[in-house]
Amino acid sequence: MPSLNDLEQYLNAAGIASKKDNASTLCFVLNVPMTSGKRKAFELTATQSDSGLLIKESGGCLPNFCPNRHINMGGDFCLGFEIEGLPIHDWVSYIKDYLRAQEYVNKHRKWPKQVKEWSHGNAAYYQQFVEDALRKLRGNNVNIDFKKIELREVSPAKCYPNQPHYHLYYDSELVATGIGNRILNKRAACICTTDGSAKHKHKTIGGCKNECSKTLYQIPFNEKRRVLEDNKFWEYFKGQKCCMTMNDCKLHNNI
């Protein structure tokens with residue numbers, strides 16, 4: 001993540017005036033082109049912390065807290081994981097995209113579909129695992145529709161009487177069986193053989209160097225963890241005052 005010094009150098013080079021309240025805080029105004037072609041000025045405050053560079057809107061255009069708008073308690077922007085390792089120019093572009101999304105919410109009371117959303121709190125880590133797994137499968141030319149993945153808990157296997165036993169289905173077809181996170185039927189055909197190619201005809205789950213079925217098998221487990229952590233997040237903030245700026249909000253529904 002860029003540092004406050006990186007941001008200050010960027011603003012100076014771009015001719016954007018800034019003010020340092022102290023060694024760790026920088027205030028400036030960022031003019032952001034909207035989809036309409038017009039520009040909107042946002043007053044922003046960036047702060048260097050041990051965890052990285054924090055930034056929030058300080059002109060009263062955005063609420064001080066709204067999980068559904070990805071604004072942390074105190075107003076800091078919740079930017080997800082995609083900004084990790086970005087150079088300062090790309091980081092500022094990311095902030096502009098984020099602010100365009102916020103302006104869309106101001107007008108339409110919902111998050112724009114074209115802008116990626118991260119799950120809340122620790123749930124974002126498991127979302128990352130799921131997306132990485134899907135990306136890995138696509139890289140192996142295995143196109144997976146997330147909605148067609150189904151994990152069913154079945155009766156325990158006789159050889160593993162005290163452990164949960166699962167069947168993994170894809171598009172209603174049984175792909176793998178397993179105990180917890182571990183696949184059992186390694187001699188079964190890997191999911192990457194479903195393209196009808198004769199040369200892949202005898203590729204097994206255990207013999208697939210890309211581990212396609214093993215990767216697919218982990219997805220529903222991590223999705224289950226994502227949902228669990230997301231529920232914990234909302235339970236933690238239950239009772240917090242809703243900013244009432246979005247149509248669909250669990251804080252509002254819990255009032």
Side-chain angles (χ1 to χ4, degrees), residues 67-68 70 78-86 90 94 97-98 101 110-157 160 163-234 248 250:
N68 280 331
H70 304 281
C78 181
L79 300 172
F81 296 109
E82 287 189 338
I83 62 168
E84 295 295 335
L86 284 181
D90 293 338
Y94 194 97
D97 289 339
Y98 176 91
K110 60 182 179 180
W111 192 261
K113 291 183 179 180
Q114 66 271 23
V115 178
K116 179 181 172 121
E117 279 196 274
W118 285 97
S119 297
H120 303 293
N122 290 333
Y125 289 100
Y126 296 108
Q127 179 184 343
Q128 182 74 68
F129 293 150
V130 169
E131 293 186 4
D132 285 347
L134 291 170
R135 193 177 299 111
K136 179 180 178 181
L137 289 169
R138 287 194 295 269
N140 296 332
N141 295 317
V142 182
N143 293 316
I144 295 296
D145 183 345
F146 178 79
K147 295 180 181 179
K148 293 182 179 180
I149 303 172
E150 181 184 2
L151 186 71
R152 301 178 190 173
E153 185 171 352
V154 296
S155 300
Y160 301 98
Q163 298 184 54
H165 190 190
Y166 298 97
H167 285 181
L168 174 70
Y169 291 84
Y170 181 71
D171 200 13
S172 301
E173 295 290 332
L174 181 64
V175 173
T177 63
I179 299 294
N181 290 346
R182 181 163 61 92
I183 282 183
L184 294 179
N185 59 331
K186 295 181 181 179
R187 293 184 180 181
C190 190
I191 193 170
C192 59
T193 64
T194 57
D195 61 358
S197 173
K199 65 180 180 180
H200 293 156
K201 184 176 173 182
H202 300 294
K203 188 185 291 186
T204 63
I205 291 175
C208 176
K209 65 178 182 180
N210 294 321
E211 300 186 326
C212 296
S213 289
K214 290 182 181 180
T215 300
L216 181 66
Y217 186 71
Q218 294 301 319
I219 290 175
F221 285 100
N222 281 318
E223 173 61 14
K224 185 177 181 179
R225 296 179 185 113
R226 186 198 68 79
V227 172
L228 179 63
E229 288 297 330
D230 196 63
N231 290 337
K232 286 181 181 179
F233 175 90
W234 286 110
D248 186 16
K250 289 185 179 180

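Residues Glu150 and Leu168 have side chains not in contact (no heavy-atom distance under 4.5 Å, counting atoms from C-beta outward). Between Lys250 and His120 the shortest side-chain heavy-atom distance does not fall below 4.5 Å. Looking at Thr177 and His165, their side chains come closer than 4.5 Å, going by heavy atoms from C-beta outward. A heavy-atom distance below 4.5 Å is not found between the side chains of Trp118 and Leu79. With contacts defined as side-chain heavy-atom distances shorter than 4.5 Å, the pair Val142/Thr215 does not qualify. Considering only heavy atoms from C-beta on, Asn185 stays 4.5 Å or farther from His167 through its side chain. Lys110 places none of its side-chain heavy atoms less than 4.5 Å from the side chain of Asp248. The shortest side-chain heavy-atom distance between Ile219 and Leu151 does not fall under the 4.5 Å cut-off.
Rounding to the nearest 0.5 Å gives a distance of 10.5 Å between CG of Asn143 and CG of Leu134. Expressed to the nearest 0.5 Å, how far CD of Glu173 lies from NZ of Lys148 amounts to 11.5 Å. To the nearest 0.5 Å, atoms CD1 (Ile183) and SG (Cys190) are separated by 8.0 Å. Within the model, atoms CZ of Phe221 and CG of Asn181 stand 5.5 Å from one another, a figure rounded to the nearest 0.5 Å. Once rounded to the nearest 0.5 Å, the distance linking CG of Asn222 with CG of Leu228 reads 12.0 Å. Rounding to the nearest 0.5 Å places CD of Glu131 at 8.5 Å from CZ of Arg138.
Closest approach of Pro220 and Leu216 over heavy atoms only: CD-O, 3.2 Å. Shown here for Ile149 and Tyr170, the closest heavy-atom pair between the two residues is CG1-CD1, 3.9 Å. Nearest approach of Ala176 to Tyr217, heavy atoms of both residues: CB-CD1, 4.4 Å. The two residues Ile191 and Cys212 have their closest heavy-atom pair at CG2-CB, 3.9 Å. Shown here for Trp234 and Pro67, the closest heavy-atom pair between the two residues is CH2-CB, 3.5 Å.
Atom CD of Glu117 has more than 12 heavy atoms from other residues, nucleotides or ligands within 6.0 Å. The number of heavy-atom neighbours closer than 6.0 Å to NZ of Lys136, taken from other residues, nucleotides and ligands shown, is above 12.
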The test is side-chain contact (heavy atoms from CB on, under 4.5 Å); show your working for Thr204 and Lys186 and say whether it passes.
CA-CA 6 Å; Thr204 63; Lys186 295 181 181 179; over 6 Å; no
For a side-chain contact (heavy atoms from CB on, under 4.5 Å) check, start with the C-alpha distance between Ser213 and Cys208, then their side-chain angles and the critical distance, and finish with the verdict.
CA-CA 8 Å; Ser213 289; Cys208 176; over 6 Å; no
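Residues forming a side chain to side chain contact (heavy atoms under 4.5 Å, CB included) with Ala123 (at least two apart in sequence, or on another chain): Ser119, Arg226, Glu229, Asp230.
Relative ring orientation between Trp111 and His70 is described as perpendicular, the plane-to-plane angle rising above 60° on a 0-90° scale split at 30° and 60°.
Between the side chain of Asp145 and the main chain of Lys147, a donor-acceptor pair closer than 3.5 Å is present.
Tested against Glu223 for a side chain to side chain contact (heavy atoms under 4.5 Å, CB included), the candidates Phe146, Tyr126, Phe129 yield a single pass: Phe146.
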